[in-house]
Each structure stands twice: as C-alpha cells, then as structure tokens.
Amino acid sequence: MDLARYTALFLSDSRDHLQRCNELLLAWERAPTATAPVAELFRAFHSIKGSSAALSFEPVTAIAHAAEQLLGAVRQGTLTPGREVVDALFAAVDALATGVEAVGRGAAPVPNEPLVEMLFGMVPSDQGRTAEMALPERRLHPRASGEAQPTLPARQVRVDLERLDALVHDVGELVVARNRLATIADRDIGSELEQVSGRIGALVGGLQSAVFRARMAPVDEVFDRFPRMVRDLGRELGKEIRLELQGAEIELDRSVLDALTEPLTHLLRNAADHGLETPAERTASGKQREGTVRLRAERLRDEVTVIVSDDGRGIDRSAVRERAVARGLMDPAAPLPDAGGLLRLLAHSGLTTRTTVSTVSGRGVGIDAVLNRVRSLGGRMELKTQSGRGTTFLLHLPITRAIVRALMVGVDNERYAIPFGLLAEATVHDAPGGEVTLRGESLPTADLRQVVGLPVDQDGTGPGTDGGGKRAKRPAIVIETGGRRTALIVDILLGQQDVVVQQLAQPAGLPAWVGGATILPDGAPALILDPAALF
Amino acid sequence: MGHTVLVCDDAIFMRTMITDILTQAGYDVIGEAETGAQAVEKYRQLKPDLVTMDIVMPDMGGIEAVREICKTSPEAKILMCSAMGQQALVVEAIQAGAKDFVVKPFQPSRVLEAVQRLLG
C-alpha cells in the first residue's frame, strides 16, 4: 500500500468534505426551519470515517463515527435538531480538521475523548453505540426532496502544485531563451532562421498563456473559509454579522491568491471588531441590528480588485489625526487627512486609536502588514470611509506576478527595470541637486545614480552623461503609490520590455528597493526596482 | 487480461484503494461510479464480470442499485462494501441480490479472497 499517495488523497478528500460540512452547517444554522441537509452531512462524515479507518487514524475515525451517529439520530427522527446539535457538529468539524491537519504535518492525530463522549451523549440512549443506523439512501426526486442534486464538477485532474510551479519556471526560462533567439534572428530579416524564430515565438507565447491560466484559481478558494470565520467572530464579539461574498468565481494567479489569505483575514477581523457596532448601537442609530461585511472580487483587464467593506461606523478621522499629532507624525495645523493620507497614517506601525487591546484584532498594527503584502504583490491599496456609514478597503492586484511589463532605464551602462504598474508619467529634470517639479508641484526625488552607488557630480550629472559644467537635462520617472507621487531621476529611458520576474531569495543586506531580477533578451541580467521602497 | 470490474463508491479515496488492490492482482477495472444511479447505468453499458458496491451513496444508495441491476441482470456478481456494524443492511443487500460482502477498512487479502470466490 502506497502510504504517501493514500495519505495525500485522504488529506485533499477530507479537506473538501470538511469545507462542505461548514457550508452546509452555516446554511442550516441560518435557516433552521428548512429541510436539514442531513443526508449530505452524513455522507461527508461517513467518508472521512472510512478513509481515516483505512489509514488507521483512529482518533479521526472515532470523531467522524460519533458525528455520523448524531446525524443518524436526527435523520431517524429520534433527535430534534436545534442550536445544540448544530454547535456540536461544528465542534466535530473543527476537531476533525485539527486531526486532518496533524496528518498533513506528518504528526499523529490526537484523541479527543471528551468531544466523542459529548457527541454520543446527545444521541438518544435507546440507539446504542455499536449499531450503525446508516439509513439506505432513497433515490432523490428533485422536486419532492428539499436537497439539491449533487452537482457533478467539471472534468478536472489534480496536479501537484510543485509540479505546476516547476512548469511555470521552465516556461519562464523558455521565454528568456525565446527572446534571445529573436534578438539574434532579427539581425537577419527574411532568413529562414528569422521565420522559424517567429514561429517559435508564437508557440512559446501560447504555451506561456496556457501555463499561466493553469496557475489561475478562483478567489473562492480563499474566500470559502471566511463565512465560518465571520460567523465565529460574531459569536465571540456578541455582534450580528452577515458576510456577503461576491465575484467568488473570478480567477487570480495561485501565488497571489495564497498571499492574500492573511491580509483579507486581517481586514475582515478589523471590520467585525472595529468597524461594526454592537446590535444595540446600531439600532440606536437607526441601522439594522445585523451588520453587513462584504467581500467582493472584480476584474478589469489586467487587474483584479478585492474589496472588503462594512456598513459600520466608519473611521474617525479626527481621532486618527489626534493620535498622529500626538506621535509627531502630523502637524497640528494640518487639515483632516484625506483618504490617501488616512491610509498612510493607519499603515504607520504602532498607530492605533483603540485604547484597549482586543483579542480579536490586537492593536491594529495589521494595516501596515496588509499594505506591504499588497505592494509586494505588485498591487496598490485604496481606502474609502464615511463617518457613520462604513469603511471600504480596495486591494488592486495584478492578475499574474510572473511576467511584468516594465520600463527599462539606464544609469551609465547599467540597466534597470521599473514595473509599469507604478509609473504615472515621465518628465525632464533640469534643476540638478533640486527636486523634480511637475506642473508646479515639487516631488520627493531620488537619483538612481545615487541609489545604486554611482558617482554624482555637483551639477547633478555623472561622468557618463552630457555633463561637464553645463546644466544637463535628465529624464525623471514619476511614480505613484497609494496616492503619493515621487520622482526618480535616471540617465536614459531605454524603452518597454516584458520581463519574466525571477524572485530572489533575500540575502541579508539586499536593499529594499530590489524587487526581483530578470534576464534581458541579450542575455544580460537586470535588477527590477521597487521604487516605492526608495522613499 | 483478466476479469473486468466496475467499482462503485462515492469516495475517491475508496475507489482508488479498491482499484489498486484489484489491478495489482491482475483484474481489469473498466469503470467507476459515484452514485447508485451511475452504477446501474454503467453496469448496463459495460457488463462487467464483477461489481464492488458501496452502501452509502448519493442519488440512489447501494442496496437499491443492487436491486435495479439484478432486475435486468440476475446473473450479476456484486460484492457489497459495508462499514463496520452495518450487518442489518448487509443482510438486506444479499436479499436484494448481492453475492457477498467485505467490511471497511479493507484487508486486501480478504477483498481478493471474496473476489476470487465470486468469479470462480
């Protein structure tokens, strides 16, 4: 028996079943008078029981069996379902998840006798523990039964994520080689080499798109854990919260998706804890008792926007300004911050307007982590808030991180790539030593020569440029992040390039402004800049 | 080149396990079914030498599927797969037409023993 393979199957199967159980239990809890999805829940626990028994994970089998018994009693009519039963089943799901995840880590699942006893304690005693009352399934008539027909999934295969990543890596290398071939072939226009190179180029392009599409996954894979989390949060905080999910079928690159889990978790917890008021407060201000948190995904061309919004109290700008002034982050005479300013202040680690630390969302230091994560994914964040009405966070993300359209710039003979997503415009700088001005506005400015450690003459030029005592004009890139504009002066603009991003393992001492590396069509390496990190 | 088998269970884990046990012993698994209704349909299409049938399945359970198959093909050789303690249902399955049963979790030797006995 190939243990590793069966264990992997057990893990993915059980996780799917447990997710389904959560969905069914949440739906059941919201509509207790509707027909309970007992049969489907029964089958889910039954399956987990079977596969865990086959692999001798006894603690998991014991819990699944107890839950199955409980559902059997409900199905038979000997036990009336109510809040107690649903809570017990939620507890069973969580305990099973703990066991499954232990297996996933290579550890042995730990028995949970108290839970098993509790579950059996709810089963009417005349049933007996050993008799398995699995009821024969009757054929479901779609109209007569309250249960939906099981939907058959689209034909799919399971692929090891590592294999897919290896494939993406290899295709990335292929793209680099393809670009080099094109450069060489273009020296001989009309030749057979050029024709074949063109053909290869088209094929590689198609392969690349297909492989990236294979890496795409619907945001639902991350969204689907949140209804349960928000439901538990509501219980914990004594608030009535409804989570609405929209656009769950929209797709994103899997690595971007995985990286979103933590930020979204944090924003949702924030919304539940800080954003939404208690039912009493809400009724007092004329709102519905139940607060709504909305998690939504939208797609616009090359970008996906994930939105977390609540209809709670909104962010108190005065309170934020007060804290900012108290910490010396802001001039007392300055006006109330606008949305962009508010986001920057909130993201300043350590700034919180809460005087007590809540166990749910801590000190509010998470917004800076969310912002950093979004930026590291090549995206940007936006904030909208209205006092008394609610708050909305928008996370704008590129669909894929692996290939980036970049502007190539040069200083001396070195070339650097700046992702287009952050570029606002380009201009000319002719006031060496001073800041770049754009339509009268003075922008915080950096000189790429200085950044990378090349000599800069007093008149703002270097040996490689048209200096020598004359005021030389140099191009400057205007960068926009989170509503803030900055400028980067370079020696020369070289043109646009689609670069395949190679993530760099981050050795200590690597400057923050290095966002990655790439190989250019002529085979030379170039660093990718993260200009936001320069300021 | 051996006897053909149709494997019916709603859990991919179980189907994989049974298929592995049978294939390694030289049997030819020619089809799989996830529901009782699919089991009946695939039996009709494929006419396998042997069927392994789970009891708990959606859209027609295993026992009713056995009944349906035996209505039109009384010669069908069906091996029932039950979980521990489903004795009462196993009796019902045999009455519906199943020829033998094995209990989960499977012992590969026990499964093969039952299969060999059924196929003669």
How long is the span from the [atom1] atom in [X] to the [atom2] atom in [Y], to the nearest 0.5 Å?
| X | Y | atom1 | atom2 | answer |
| --- | --- | --- | --- | --- |
| A/Ser47 | B/Asp9 | OG | CG | 7.0 Å |
| A/Asp13 | B/Phe13 | CG | CZ | 8.0 Å |
| A/Arg43 | B/Asp54 | CZ | CG | 11.0 Å |
| B/Met17 | A/Phe10 | CE | CZ | 12.5 Å |

Are more than 12 heavy atoms, taken from residues, nucleotides or ligands other than [X], located less than 6.0 Å from that residue's [atom1] atom?
| X | atom1 | result |
| --- | --- | --- |
| A/Glu29 | CD | yes |
| A/Glu84 | CD | no |
| B/Phe106 | CZ | yes |

Least distance between heavy atoms, B/Met14 atom then A/Ala54 atom: CE-CB, 4.5 Å
Stepwise side chain to side chain contact (heavy atoms under 4.5 Å, CB included) check, B/Thr16 with A/Arg5: CA-CA 10 Å; B/Thr16 309; A/Arg5 179 157 151 259; 3.3 Å; yes
